[in-house]
Amino acid sequence: MSESTPWVVCKFGGTSVSSRARWDTIAEVVRTHRNEGRHPFLVCSALQGISDQLEVLVREATDGDPRPTLNTIRDRHRALAADLEVDAETTLNEGFERLESLTEEIMQEDSPSPRQRAAVMASGELLSTRLGVAYLSAQGVPVEWLDAREFLRAKDDANVPPRRQYLAATCASHSDPVLQSHLNDNPDTLYLTQGFIASNALGETVLLGRGGSDTSAAHFAAKLQAERLEIWTDVPGMFTANPSEVPSARLLRRLGYDEAQELATMGARVLHPRCLGPVKRHRIPLHIRSTEDPKVDGTIVAGDGPDVGPHVKAISAKDEVTAVSMDTLGMWQEVGFLADVFQIFKHHGLSVDLVATSEANVTVTLDPQANALDADVLDRLLHDLNQYCDAELIRSCAVVSLVGRHIRSLLSDLGPAFEVFDEKKVHLVTQAASDLNMSFVVDEEQAPRLVRELHAQFFGAKAPDAIFGPRWQELVDSVDADGRQPDAWWRDRREDLLTLADEQSPRYVYSEATIREKSDDVHALEAIEQPFYAIKANPHPDVLRLLEEEGVGFECVSPGELDRVFEAVPDIDPERVLFQPNFAAPEEYAEAFERGVHVTLDNVQPLVERLAIFANEEIFVRVDPGEGHGHHRHVRTAGAQSKFGVVPAELERLRAAADRAGTSVVGLHVHVGSGITDEDTWADLVDFLASLATDFPDVRTLNVGGGLGVPDRPGAAPVDLDSLNDVLNEAAARHPQYTLWMEPGRYLVAEAGVLLAQVTQTKAKGPVHYIGLDTGMNSLIRPALYGAYHEIANLSRLGDALSVTADVVGPICETGDVLGHNRQLPDTDPGDVLLVATTGAYGASMANHYNLRPPAEEVLLSDD
Ligand code: LLP
């Protein structure tokens, strides 16, 4: 190495410095750069999770007992030292002692000062870099530890509140010939320093804001006039969407500085937005790479490149955003209103992100990354704003943004994606003056679905090119070839399934063992006295017999379903059967009473007009709690848009009618939708029903419905039955006088079922490759009806490399006859058997004979 050897600054994030394997990758990166004639300079973050622990420590130092957290922090570092085989005492003791004395100092205070907080938080990087230096030098690398605070000096600005000066300081980014010549004195030494920390004019420690290590690295790149900056993290670059939400997200191979800045600001957590300024100013290319997958080239952020017209590069989402809505009638034609209110934000040290104004309202968002949004600050802000207007906080918002160039001209493409908002509110829409983004502020829970819809619209069928690289799925699959549902039962039963498909295709196959397993899960809900299976999910007689053996009851919604239950299980006690139709002819209720099953009414009219049918009977009443939930608007079965249930305001009328008829209301029922994963939903419904039951003295049972979701795609969250058990137990304890029932459908059978179909033809048409099957929307209509996702695998070639991206389609004469878009599959030929997973619920039961093509027949696969 010589003085003219170019510098490369490499920043390693929390996960990249937290294990020996990752430090070996770092050593490898250093070697590669040296071999290729570059002089590496390393900037490291704290171990993963340590900054959070340090925040807890600061809190506990004034408000509790900080010792357990201090021990956790020490243990984490000692464990890594042991893993790296370096001496923990000599490497870490000085840092530990400093942290202990800072903690003791804070314990004397009522609340920690920003200076003290910064000093504690800096410990994470100081400790991790000590470990790194010890390990690399033990590996024979000549390495020197640099204290970043000696070289990174924060800007001194008396107008900035102390909080920001210490916790979110800014530095100037200049070339630094002094540092360059200092480092060039020992050209063979590797220098390793800390991210996130700097010093002020008094020599005190300050921070560059959470995630500020990227910014530190960018400043060092500018100081050294580096040939490039590399940000090494746990994902191999920036993607067209967050890959954990959208597995088909594409790697962005190249981005301009402005686009990357926009994406980083809009929530892509790979880069800290502030790091782009220095590299853009000095025209230093920035490479994003992954220590998990160092071979992938990643994203290069460099000069803006040619303008290729309107282009969406990514859909981003940023959550935990707080919006502030300010209503005022006095603003119209008023001079200075905006100046006044923005002055208040400034006064509280809050930086405003998005703004929308009309003559009667101004709404802004506050980004948690840029602001310390604790309750006190927000209370004071509201108090001051209320002097000028009627201000209100809207918590738990998400900002969903389209990022790219000339976004305005793409408005007409957006229409269908906004179907999601039929029932939900968009709090704010803004379009950046730079035309680099368009943003929508929505409730946080709406964001993932909106992102998926927008992503499918803009990137669904895009072929790879110089900008759009491989899909996240492909990158993962190259490591773990088609192991997306590695535990699925059907992998172990592949031979049996192929035999079954050989005998007959298409075919639904249900695993008996899986249904039994799921039934055990449901029985394990201690608060639920009796589970009922909603047979609409899958009324196959063998499935019903199996579940009856398991002690599950049945929920029916039509005379046909009642017939099916009594045919399949003739001896069943009618007490174990519910009849809960919607808009049924009154005679249906009469027949159900005849059979002796429990009857649920969800409208007052039949009771008022056909009193005789209900006279002296016992009924349940289905109530509408006002808000539905679920995976698609068609399956949200409560709220103004849904036809189900009696609204609470009507219950008084119902009670009067029931009294007249001598009908006794013995239970209340609610079912809010299907495919729900938030466990609190059902506990809240217990409270809701219990609050209404006080007006119905005969009510003994509360039925909180079904709707338990199952994961449909990699990384999707299942409903967690353990926490459901906990919250239901708590709810049951609040209302011990009632018996609780539930009626899941999907949960019991979805994962037990697969659809097997044979490939009839394949075709390439333009950029799209098609794989055609002997059945489609006539067997499985969920993808066409709800955009539902079902995993698809080539069962004949399970484990082969995934080499094609194809739309998997059926033979029905509709363009919507697609079972899966853009699926990664191995080379596939006619005759191969494809498996469509998680189709045990609402597959065969919703099948149809469209085009007079009979849907797949069904078979139960018994245990080995
Ligand atoms: N109880 C009642 C009153 C219901 O209406 C339903 C489903 C259930 C229980 C069972 O819900 P589950 O646990 O299966 O989510 N075809 C749609 C699902 C429609 C659900 C209709 N009602 C789909 O394929 O996603």
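For the numbers below, each heavy atom of this structure counts, side chains included, while hydrogens, waters and symmetry mates do not. Counting starts at 1 for both ligands and their atoms, following the listed order. Owing to the predicted nature of the structure, the values given are computational and were not obtained by experimental measurement.
Within the 4.0 Å heavy-atom criterion, both parts of E743, backbone and side chain, lie near ligand 1. Heavy atoms of H671 found under 4.0 angstrom from ligand 1 belong exclusively to the side chain. Only the side chain of Y786 comes within 4.0 Å of ligand 1, counting heavy atoms alone; its backbone N, CA, C and O stay farther away. When heavy-atom distances to ligand 1 are checked against a 4.0 Å cut-off, S674 comes that close through both its backbone and its side chain.
In this structure, V635 has a heavy atom closer than 4.0 Å to ligand 1. Heavy atoms of A841 come nearer than 4.0 angstrom to ligand 1 in no pair at all. Taking a 4.0 Å cut-off on heavy atoms, H632 fails to register as neighbouring ligand 1.
Every atom of ligand 1 with a heavy atom of G706 under 4.0 Å away is listed here by number and element: 9 (C), 13 (O). Annotation for ligand 1: atoms under 4.0 Å from non-hydrogen atoms of R622 are 3 (C). Those atoms of ligand 1 that come under 4.0 Å of a heavy atom in P744, given as number and element, are 13 (O). Remark: ligand 1 atoms within the under-4.0 Å shell around heavy atoms of G745 are 10 (C), 12 (P), 13 (O), 14 (O).
Ring pair F614/Y589 is tilted by interplanar angle, where 30° to 60° counts as tilted. Note on ring orientation: taking the six-membered ring where Trp is involved, the planes of Y508 and Y510 are parallel (angle under 30°, cut-offs 30° and 60°).
Protein heavy atom nearest atom 20 (C) of ligand 1, with residue, atom name and distance: Y842 OH, 3.5 Å. With hydrogens left out, the protein atom closest to atom 12 (P) of ligand 1 is G707 N, 3.4 Å, a heavy atom. Protein heavy atom in closest approach to atom 22 (N) of ligand 1: K536 CD, 3.6 Å. For atom 10 (C) of ligand 1, the closest non-hydrogen atom of the protein is A534 CB, 3.5 Å. Taking atom 24 (O) of ligand 1 as the reference point, the nearest protein heavy-atom neighbour is R782 NE, 2.5 Å.
No salt bridge links R507 with D774; every basic N to acidic carboxylate O contact stays at or beyond 4.0 Å.
N778 places no side-chain N or O within donor-acceptor distance of the main-chain N or O of Y850, the cut-off being under 3.5 Å. Remark: the backbone N or O of T838 is paired with a side-chain donor or acceptor of H790 at under 3.5 angstrom. Between the side chain of T775 and the backbone N or O of P855, no donor-acceptor pair lies under 3.5 Å. Under a 3.5 Å cut-off, the side chain of R853 and the backbone N or O of G776 do not form any donor-acceptor pair.
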Subject >> Audit row: E561, F579, side chain to side chain contact (heavy atoms under 4.5 Å, CB included) steps and yes/no >> reply: CA-CA 9 Å; E561 288 193 349; F579 181 61; over 6 Å; no
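Judged as a side-chain contact (heavy atoms from CB on, under 4.5 Å), and not counting sequence neighbours, the contacts of S511 are W489, A513, T514. A search for ring-ring contact (aromatic ring centres under 6.0 Å, His included) contacts involving H671 returns nothing, not counting sequence neighbours.
Below 3.5 Å of separation, one finds no N or O of Y747 facing any N or O of ligand 1.
In this structure, R576 forms no cation-pi arrangement with Y533, as its terminal cationic atom is not both closer than 6.0 Å to the ring centre and no more than 45° off the ring axis.
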